[in-house]
Asks: 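Just passing along the structure, written as structure tokens.
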Number of protein chains: 2
Amino acid sequence: METRELRYFVAVAEELHFGRAARRLGIAQPPLSRAIRQLERRLGVTLLERDSRSVALTAAGSVLLREGRAALDAVDAADRRTRRAGQAVNGGPGLVLATKAGASSELLPKLLDAYAAEPDAVPVEVLLCGIGEQERLLRDGRADVALLHLPFDSTTGLDTEELVTEQQVAVLPAGHPLARRPHLLMAEVETLSGLPMPRWPRADGSYPEGLGPEVRDHAQLFQLIALGRTAVVLPESVRTLLLADLAAVPVPDAPAVTTVIAWPPHSRSRPLAALIRTATRL
Amino acid sequence: METRELRYFVAVAEELHFGRAARRLGIAQPPLSRAIRQLERRLGVTLLERDSRSVALTAAGSVLLREGRAALDAVDAADRRTRRAGQAVNGGPGLVLATKAGASSELLPKLLDAYAAEPDAVPVEVLLCGIGEQERLLRDGRADVALLHLPFDSTTGLDTEELVTEQQVAVLPAGHPLARRPHLLMAEVETLSGLPMPRWPRADGSYPEGLGPEVRDHAQLFQLIALGRTAVVLPESVRTLLLADLAAVPVPDAPAVTTVIAWPPHSRSRPLAALIRTATRL
DNA sequence: GCGGGCGATACCCGACGGGTATCGATCCGG
DNA sequence: CCGGATCGATACCCGTCGGGTATCGCCCGC
């Protein structure tokens, strides 16, 4: 199976429409139809059920969609990491670390400083990304290592080491009546009238239903809190970057958050191993 | 990057010889040389340092070897799993479970029986494999799920659930002087004169240096123990399949062995999820 | 110095990927 | 109920590219 065939199939399986898929792929529709037929013939399996008005995935087709995406990610990762390894001879970034913008604001500088002090340290590029993006960045090779936050992020398919565990705090507008309380319970935060919890994007980029504003990163979030539109429960390390007009109140019954350093299982280069070692010793 | 190019590169990188690699791939040498050059040109990276007498990997080349193998495994897995999904409409194996031959001899039948009693259970094929083979079988799609034994097997890159933890016992010839002791210590087992510990193959198939016999599976092993050539420390569940002329003595200070059920992270089909659920409830 | 091994180059051919034109089926609006 | 629109399949052509053979250039060892 060639990656071209896989890309074609994934496009059709996602669009469920040969014309649109062909446009997305930058080719005409007939070669695409032919390529899918050939793929089906070679696999000896029907992937798509098509009558002349609609296209639907068979059971085998959805298996190939899932597995094919993973395979294409792996190929893309090989491509990107090889390119980087080739250019790194001079001073290109030796490692790319992905982390949610605004998270781990205490840990990250400590980690970078400690690693930079190591012998044989290579340059580290920090890739600030949106919520839940880290897994994909690691899998398709745009990042080598990431900081994740349990229990929010999924670590399936990644190797991890635990770094720190911290309690959570509620972040409120400074003037809010509850902002002067010594602590709050989850139930109180969730039912704050007029301050619905914000909605984060899911893995596929869509947002869950709800009242709160849709947010992508912490900058957005803090501004919305300052404007009195929402409130949120976050790990206590966010305190270091709170704006003056925000208040943080401990929430003892919120689940503890564990920060882990994560990397794709098979790619443990020497610089990566050194970075992980440094992180676990902090 | 096409999988053909990756297969070509991996072959050359493994052989470090264009002629041999071409023979292995079933093509002539010139097209192979050209394909590698094209790949290098497209990536903008030198992968192989070649003078007319020898071929060596560059740093970027070894990155591509590692990442490329993973990518090819993922593509192979997509191929195999799709084929199986397509043929499973009638009664082909719905799930393939890999386990070390001779291990988990108590757990496995219980698991299979319990799963078969579930509604919607699909046929399960059991693939008995050698030591350390499970990871590769899972990654390239020949198996869907495996039983691994910590701390011996690596679970990097796999999702797992713990099933049982057991102590280990020393397996000795029945007539051995230590066979009647109520328990032994690791130090005693390791220094049994004339009974060196057997050597298991490493991930790459090679054997570590040492005195003991090279073994691949439990059948070999038990026969060698009965012959008085070796002794070994294994999880206590091996007792159920010990030959009459072997004795098992508890070794309290040997590390406990945890059996886990493992599967590739992205492929959690409905039958697989049911099997995992059944396993964790045993 | 010469033969042999090895990768690179030159050149040819056939297969296959991609494009355009068109068909056949189905749905929809009038 | 009919005509147009939509969509996948088919037919056919062309250019590219993957693969083969022949040969070269280089370097080693005898």
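So that the names make sense, note that chain A is the first sequence line, chain B the second, and so on, each numbered from 1.
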Asks: With a 4.0 Å cut-off on N to O distance, would you call A:Asp144 and A:Arg84 a salt bridge?
Replies: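 Between A:Arg84 and A:Asp144 there is a salt bridge, with a charged N closer than 4.0 Å to a carboxylate O.
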
Asks: Can you tell me how far C1' of C:dT9 sits from CZ of B:Phe18, to the nearest Å?
Replies: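 Going from B:Phe18 (CZ) to C:dT9 (C1'), I get 14 Å.
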
Asks: Is a side-chain N or O of A:Arg139 found less than 3.5 angstrom from the main chain of A:Asp73, in a donor-acceptor match?
Replies: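 Between the backbone of A:Asp73 and the side chain of A:Arg139 there is no qualifying donor-acceptor contact (under 3.5 Å).
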
Asks: Within this structure, what is the CG-to-P distance between B:Leu32 and C:dC6, rounded to whole angstrom?
Replies: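 In whole Å, C:dC6 P lies 14 Å from B:Leu32 CG.
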
Asks: Establish, with yes or no, whether the OP1 or OP2 oxygen of D:dG8 is under 4.0 angstrom from a side-chain nitrogen or oxygen of A:His17.
Replies: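 Yes.
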
Asks: Of all the choices, D:dG8, D:dA9, C:dT9, which nucleotide is nearest to the side chain of A:Arg37 once you look at every atom?
Replies: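 For the A:Arg37 side chain, the nearest candidate turns out to be D:dA9.
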
Asks: Output the rounded distance in Å from CD1 (B:Ile36) to P (C:dA8).
Replies: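 From B:Ile36 CD1 to C:dA8 P: 9 Å.
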
Asks: Pairs under 3.5 angstrom, nitrogen or oxygen only, protein versus nucleotides 12-19 of chain C, please.
Replies:
unit_1, atom_1, unit_2, atom_2, d
C:dG17, N7, A:Arg34, NH2, 3.4
C:dG18, OP1, A:Tyr8, OH, 2.9
C:dG18, OP2, A:Tyr8, OH, 3.2
C:dG18, N7, A:Arg34, NH2, 2.3
C:dG18, O6, A:Arg34, NH1, 3.2
C:dG19, OP2, A:Ala28, N, 2.7

Asks: Do B:Arg24 and B:Glu14 sit within salt-bridge range, that is, some charged N less than 4.0 Å from a carboxylate O?
Replies: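 The answer is yes: the pair qualifies as a salt bridge.
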
Asks: Tell me which one of B:Leu64, B:Leu43, B:Leu32 satisfies side chain to side chain contact (heavy atoms under 4.5 Å, CB included) with B:Phe9.
Replies: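 Looking at B:Leu64, B:Leu43, B:Leu32, the match for B:Phe9 under the side chain to side chain contact (heavy atoms under 4.5 Å, CB included) is B:Leu64.
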
Asks: Send over the distance from B:Glu15 CD to C:dC6 C1', rounded to a whole Å.
Replies: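 Result: 14 Å.
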
Asks: Of all the heavy-atom pairs spanning A:Phe18 and A:Gln29, show the shortest one and how long it is.
Replies: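 Heavy atoms of A:Phe18 and A:Gln29 come nearest at CB-CG, 4.2 Å.
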
Asks: Quick one: do A:Asp76 and A:Arg7 make a salt bridge, cutoff under 4.0 Å?
Replies: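 Salt bridge between A:Asp76 and A:Arg7, a charged N being under 4.0 Å from a carboxylate O: yes.
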
Asks: What N/O pairs connect the protein and nucleotides 24-28 of chain D at under 3.5 Å? Give each pair on its own line.
Replies:
unit_1, atom_1, unit_2, atom_2, d
D:dC27, O4', B:Ser52, OG, 3.3

Asks: Is the backbone N or O of A:Leu137 less than 3.5 Å from a side-chain atom of A:Arg142, with the two atoms forming a donor-acceptor pair by type?
Replies: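 Looks like no, no N/O pair under 3.5 Å.
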
Asks: Please state how far atom CZ in B:Arg41 lies from atom P in C:dA8, giving the value in whole angstrom units.
Replies: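 To the nearest whole Å, that distance equals 14 Å.
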
Asks: Whole angstrom is fine here: how far is it from CZ in B:Arg20 over to C1' in C:dG5?
Replies: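 These atoms are roughly 12 Å apart.
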
Asks: Are B:Pro264 and B:Arg81 side-chain neighbours, meaning at least one heavy-atom pair lies under 4.5 Å?
Replies: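 A side-chain contact under 4.5 Å exists here.
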
Asks: Using whole Å, report how far CG of B:Leu47 lies from P of C:dG7.
Replies: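 The distance from CG of B:Leu47 to P of C:dG7 comes to 16 Å, rounded to the nearest Å.
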
Asks: When you measure from the side chain of B:Glu2 to the backbone N and O of A:Arg4, does any donor-acceptor pair fall under 3.5 Å?
Replies: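 Checking the backbone N and O of A:Arg4 against the side chain of B:Glu2, a donor-acceptor pair under 3.5 Å is found.
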
Asks: Would you tell me if any nitrogen or oxygen in the side chain of B:Ser33 comes within less than 4.0 Å of OP1 or OP2 on C:dA8?
Replies: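 So the side chain of B:Ser33 is within the cut-off, an N or O lying under 4.0 Å from OP1 or OP2 of C:dA8.
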
